[in-house]
Amino acid sequence: MTDKRAAQPETGAPEPAPAGAPVHWKLVVDAGDPHAQADFWAAALHYVVEDNSVLVRRLLDAGAVPAEATVEHLGRPAFRDLIAVRHPDDPFDAESGTGLGRRLLFQRVPEAKTVKNRLHLDLHPGEGLRDAETARLESLGARVVRRVAGPGGAWVVMADPEGGEFCVH
């Protein structure tokens with residue numbers, strides 16, 4: 001077998017990086033009230049709201065962010081326009097409170113949601129638990145949009161408190 005990289009003409013461009021570790025990512029969700037959305041989704045997923053208070057205090061003390069860029073949330077200082085939730089078992093940076101694993105970050109945007117999501121979460125509570133999970137999510141502020149049943153399966157389309165759709169299977 002021939003090494004294709006060696007067969008390429010010299011271009012001066014760096015060689016492609018070899019396959020490495022998976023790319024770290026987070027899902028970012030636009031929100032009118034990021035803190036309320038974080039509270040809802042933390043409860044819905046059994047996640048925890050990230051505690052960035054050490055970082056926020058450090059930035060405030062250094063004058064790097066103005067006080068109006070922060071709010072008090074869950075009894076601690078937080079960024080006004082963004083907050084994340086993370087899986088409780090995943091690692092996090094103790095100095096910033098930022099999760100290093102599965103995360104949803106909610107960022108403030110000025111406009112309300114107006115069209116169907118292009119991306120959504122599917123929640124899988126377990127065999128036979130869909131109705132109980134749907135009721136639990138309704139008690140947290142979600143609403144049922146429609147129930148779907150067909151040859152491909154059955155699920156409930158729901159909307160979070162700001163209208164973002166998700167499904168419960």
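Start at 1 with the first residue, then count along the sequence.
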Using side-chain heavy atoms (C-beta onward) and a distance below 4.5 Å, is [X] in contact with [Y]?
{"X": "Ile83", "Y": "Gln37", "answer": "no"}
{"X": "Val71", "Y": "His35", "answer": "yes"}
{"X": "Phe92", "Y": "Arg86", "answer": "yes"}

State, to 0.1 Å, how close [X] and [Y] come at their nearest heavy-atom pair, and which atoms those are.
{"X": "Val85", "Y": "Ala38", "answer": "CG1-O, 3.3 Å"}
{"X": "Ala142", "Y": "Met158", "answer": "CB-CE, 3.8 Å"}
{"X": "Arg76", "Y": "Ser53", "answer": "CB-CB, 3.9 Å"}
{"X": "His169", "Y": "Cys167", "answer": "NE2-CB, 3.7 Å"}

- request: Mind running side-chain contact (heavy atoms from CB on, under 4.5 Å) on Glu162 and Lys113 for me, showing each step along the way?
  value: CA-CA 7 Å; Glu162 289 195 4; Lys113 180 187 169 304; over 6 Å; no
In this structure, would [X] and [Y] fall into the same cluster of hydrophobic residues linked by side-chain contacts under 4.5 Å?
{"X": "Phe166", "Y": "Val144", "value": "yes"}
{"X": "Trp41", "Y": "Val156", "value": "yes"}
{"X": "Trp155", "Y": "Leu129", "value": "no"}
{"X": "Val157", "Y": "Leu123", "value": "no"}
{"X": "Tyr47", "Y": "Leu100", "value": "no"}

Please check if the side chain of [X] supplies one atom and the backbone of [Y] the other of a donor-acceptor pair under 3.5 Å.
{"X": "Asp81", "Y": "Arg108", "answer": "no"}
{"X": "Asp90", "Y": "Arg102", "answer": "yes"}
{"X": "Asp93", "Y": "Gly97", "answer": "no"}
{"X": "Asn52", "Y": "Ser96", "answer": "yes"}

- Salt bridge present between Arg136 and Glu133 (N-O < 4.0 angstrom): yes
Under a side-chain separation threshold of 4.5 Å, the hydrophobic residues clustered together with Leu105 are Val28, Leu55, Val56, Leu59, Leu60, Val65, Phe79, Leu82
Going by distance alone, is a donor N or O of one side chain under 3.5 Å from an acceptor N or O of the other, for His124 and Asp122? no
**OP:** Compute whether any side-chain donor of one residue and acceptor of the other, for Gln107 and Asp30, lie under 3.5 angstrom apart.
**Re:** yes
